[in-house]
Participant: 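Structure below; questions to follow.
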Amino acid sequence: MSALDLDATLDCGQTFRWRKINGVWQGVVEDNVLFLEYNKENGYLKISSNKEEFRGMPLKEGIEDYLGLKDSLETIRGSINNSLISSGYSDFRPKMNEIYQASYGLRLLRQDAFEMCMDYIISTQMNINMIKVKIERICSLFSENRINFKGYTFFGFPTLEQLKSLPAAKFREAGLGYRSEWLQEFFMNVDCRKLKELKNCGIKEKLDYFLRFKGIGYKVANCIILFGYSDFSAFPVDVWISRFMESNFNITGNPQSLFEKGRKIFGDYCGYAQEYFFNYSRNLSRPEV
DNA sequence: GCCCAGGGGTAGT
DNA sequence: ACTACCCATGGG
């Protein structure tokens, strides 16, 4: 088993439907309920689910894919380091090595693009705990998606058809504020076939599609592309990344220009670097996970 | 009461 | 292209 930091992976702002209870991570991924327990000493990952399979794969194989365990962290870090050198930023390397240490075993999940669209439209100007609560509130509107597992109740992620049936007022009731109309319009206008086609497209084409929706700007679009398509050339810039780039690398600018700079400096795996930065910065500002 | 959160739209330069 | 201001909600 390759190196894995399950706590960092499931609690670094890339996913919102996981919670840790009595040492066990409980999560909902699409319509799968998953319980994960990781033993750091012997590297054993205990998996339970309401289903035998995950995304058409045997459970173990499917979860290892979901967790990004097939990513070679050495390859990724090598690529980032090479990019630092070729872009003329080799003086960043000591700081990067410190960050690698702090985020060792953090992996980017293979998540669903449609699910990420809703999650990150909601995420606008909200903290992570609030995002989790709001998403859960929307999911629980559909009692037909209820899944009972090991004495707990979960809700599978709603389909587009289900979400289309919600008027903006329903989102208001759920406490989504000014994001309500964005969500309603998104579900009315999104093209599921296009979402699938984008898997074979470059980041510019993906950006071009998502930026047309109200409520999706540069940051949200990059999150969808990074977390929903596992396109590691995306580089979302939020307040944390913005502050991090300035205080550690003395790089300033608006989010769009930081996106361009991040891509140039950190290269093909800048999305991985970005998540290391986010995890590193956020851990410094809170006492305990 | 204040400030802030994985920002974005809009109107004004 | 850049800036200033507003936008709901809830927690510290």
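First the proteins, then the strands, lettered A, B, ... as listed; each starts at 1.
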Participant: Salt bridge between A/Asp91 and A/Lys95, side-chain N to carboxylate O under 4.0 Å?
Facilitator: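 Salt bridge: no.
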Participant: Between C/dG11 and B/dG8, how many Å separate the two P atoms, rounded to a whole number?
Facilitator: 23 Å
Participant: Output the rounded distance in Å from CZ (A/Phe210) to C1' (B/dG8).
Facilitator: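 Value for this atom pair: 17 Å.
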Participant: Atom CD1 of A/Ile216 and atom C1' of B/dG9: how far apart are they, to the nearest Å?
Facilitator: 13 Å
Participant: Protein within reach of the bases, or only the backbone? For nucleotides 6-12 of chain C, mark each nucleotide 5' to 3' as B, S or -, using heavy atoms under 4.0 Å.
Facilitator: -BBBS--
Participant: One thing to verify: whether A/Arg110 and A/Glu64 come together as a salt bridge, which I'm taking to mean a side-chain N less than 4.0 angstrom from a carboxylate O.
Facilitator: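 Judged by the 4.0 Å cut-off on N to carboxylate O distance, A/Glu64 and A/Arg110 do not form a salt bridge.
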Participant: Toward the 5' end of DNA chain B, which comes first, A/Arg243 or A/Gly217, by nearest nucleotide?
Facilitator: A/Arg243
Participant: To the nearest Å, how far apart are A/Ile241 CD1 and B/dG7 C1'?
Facilitator: 14 Å
Participant: By the 4.0 Å heavy-atom rule, please label A/Gly13 as base, sugar-phosphate, or nothing.
Facilitator: base
Participant: Just checking A/Asn189: does its CG atom have more than 12 heavy atoms from other residues, nucleotides or ligands closer to it than 6.0 angstrom?
Facilitator: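 Enclosed: over 12 neighbouring heavy atoms sit under 6.0 Å from CG of A/Asn189.
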Participant: So, A/Asp119 and A/Arg17, do they make that salt bridge, N to O below 4.0 Å?
Facilitator: no
Participant: Find the distance A/Arg282:CZ to B/dC4:C1' and express it as a whole number of Å.
Facilitator: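 Atom-to-atom, A/Arg282 to B/dC4, this comes out as 15 Å.
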Participant: What's the NZ-P distance between A/Lys132 and B/dA5, to the nearest Å?
Facilitator: 17 Å
Participant: Between A/Asn222 (side chain only) and A/Phe235 (backbone N and O only), is there a donor and an acceptor less than 3.5 Å apart?
Facilitator: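 Present.
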Participant: To the nearest Å, how far apart are A/Glu181 CD and B/dG8 P?
Facilitator: 17 Å
Participant: When all nucleic acid strands are considered with a 4.0 Å heavy-atom cut-off, which category describes A/Glu275: base, sugar-phosphate, or nothing?
Facilitator: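 Base, at least one base heavy atom under 4.0 Å.
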Participant: Scan A/Val133 against the nucleic acid and name what it touches under 4.0 Å (heavy atoms): base, sugar-phosphate only, or nothing.
Facilitator: nothing
Participant: In terms of hydrophobic clustering (I, L, V, M, F, W, Y; side-chain heavy atoms under 4.5 Å; direct or indirect links), are A/Phe154 and A/Leu59 co-clustered?
Facilitator: no
Participant: Determine the contact category for A/Asn129: base if any of its heavy atoms lies under 4.0 Å from a base atom, sugar-phosphate if only primed atoms, P, OP1 or OP2 are that close, otherwise nothing.
Facilitator: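 Result for A/Asn129 = nothing.
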Participant: Using ring centroids (six-membered ring only for Trp), state whether A/Tyr89 and A/Phe249 fall under 6.0 Å.
Facilitator: no
Participant: For A/Phe227, answer base if it contacts any base atom (sugar-phosphate contacts may also be present), sugar-phosphate if it contacts only those atoms, and nothing otherwise; contact means non-hydrogen atoms under 4.0 Å.
Facilitator: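 Base contact.
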Participant: Rounded to whole angstrom units, what separation is found between the CG atom of A/Leu207 and the P atom of B/dG8?
Facilitator: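 So the CG-P distance, A/Leu207 to B/dG8, works out to 12 Å.
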Participant: Answer yes or no: is there an ion pair linking A/Arg107 with A/Asp71, defined by an N-O contact shorter than 4.0 Å?
Facilitator: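 Here A/Arg107 does not pair with A/Asp71 in a salt bridge, since their nearest N and O are not under 4.0 Å apart.
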Participant: A/Phe213 CZ to B/dG9 P: how many Å, rounded?
Facilitator: 12 Å
Participant: Could you check A/Ile131 against A/Leu211 and say which one's nearest nucleotide on DNA chain B is further toward the 5' end?
Facilitator: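 Upstream on the strand: A/Ile131.
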Participant: Checking base pairs now: Watson-Crick or wobble, both atom distances under 3.5 Å. What partners C/dG11?
Facilitator: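 Paired with B/dC3.
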Participant: I want to verify a distance call: between B/dG8, B/dA5, C/dC2, whose nearest atom is closest to the A/Asn254 side chain?
Facilitator: C/dC2
